[in-house]
Participant: 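Before I ask anything, here is the structure I am working with.
Read the numbers this way: they start at 1 and go in the same order the structure lists the ligands and their atoms. None of these values were measured; they are calculated from a predicted model.
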Amino acid sequence: MFKTACVVSVVAIAGSAQSQVWPQFEGAMKHVLITFDGTNVGVEVDNLINPEPTPLPMVNYGDAHTAPADVLDGMYISSQYGFLPDGLISLPQDAAIWVEMTSSTPGLEIYEGGRRMMRADHTYAPVFGTDGSDAAWQWDGNMHHPWVAAPALGDYEAIFEVYIGDAVTGARLSGYVSDEVTLDWVAIPSPASASLLGLAGVAALRRRR
Ligand SMILES: [Cu+2]
């Protein structure tokens, strides 16, 4: 009797886990390396550990995501870029590292992520000006892969300034030098939709015969 109850509850848990749909990701992590030497902030895209050329692909998998990830529904998405400390970072008291998006291709949206494997725990909160959010975002010093989303096929780009700011307000602190980095993406058809198009093409050929 007891055993039966256990089996039923295990099945129920497996069923609820299956019903969750978190955003897919593919492609190796491409880190945006951040350094701070006490005066100068440095930021650059890693091309040594992951030499994959940019722009990085964004794909619309056609998924209906579990909330709060449903902000990505219908969008071409990528989480390959991730902010990562390059060596030890020692910050001045009451200061933090902030990242501000200073310009971007219209239509580009960015949502808070984290470690890619932890996607069920991400907030998916809009950041970098998306949906009226602040243009500046406080980085906690850990690996953070944001979710970047685009509404349509094409090329996308965003420029970020990384600077030392007040840990509470984000106001730039004098005496430190910021740095900036450009990230780029290209929204492409998914392999699945390409093969569907292929099937549609075959069907059209058959109809023509
Ligand atoms: Cu990473």
Participant: Check Ala149 against Leu72 and note the closest heavy-atom contact, atom names and distance.
Facilitator: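 Distance-wise, the nearest heavy atoms are CB-CD2, 3.9 Å.
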
Participant: So, with waters excluded, how many protein N/O/S atoms does the Cu ion (ligand 1) have closer than 2.8 Å?
Facilitator: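 Protein heteroatoms (N, O, S) closer than 2.8 Å to the Cu ion (ligand 1) number 4.
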
Participant: Students often mix this up, so state it plainly: with edges at 30° and 60°, are the rings of Phe160 and Phe128 parallel, tilted or perpendicular?
Facilitator: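 Perpendicular: the ring planes of Phe160 and Phe128 meet at over 60°.
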
Participant: Calculate, to the nearest 0.5 Å, the distance between atoms CG and NE2 belonging to Asp86 and His31 respectively.
Facilitator: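 Between atom CG of Asp86 and atom NE2 of His31 there are 11.0 Å.
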
Participant: Got a sec, which pairs hit ring-ring contact (aromatic ring centres under 6.0 Å, His included) with one end in residues 51-97, sequence neighbours left out?
Facilitator: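 Every pair satisfying ring-ring contact (aromatic ring centres under 6.0 Å, His included) with a residue in residues 51-97: Tyr81-Trp185, Phe83-Trp137.
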
Participant: Using the rule side chain to side chain contact (heavy atoms under 4.5 Å, CB included), only one of Thr182, Asp184, Leu183 pairs with Thr54; which is it?
Facilitator: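 When side chain to side chain contact (heavy atoms under 4.5 Å, CB included) is applied between Thr54 and each of Thr182, Asp184, Leu183, only Asp184 qualifies.
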
Participant: Using modelled atom types and a 3.5 Å cut-off, is there a donor and acceptor pairing between side-chain atoms of Asp70 and backbone atoms of Asp73?
Facilitator: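 Side chain of Asp70 to backbone of Asp73: no pair is present.
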
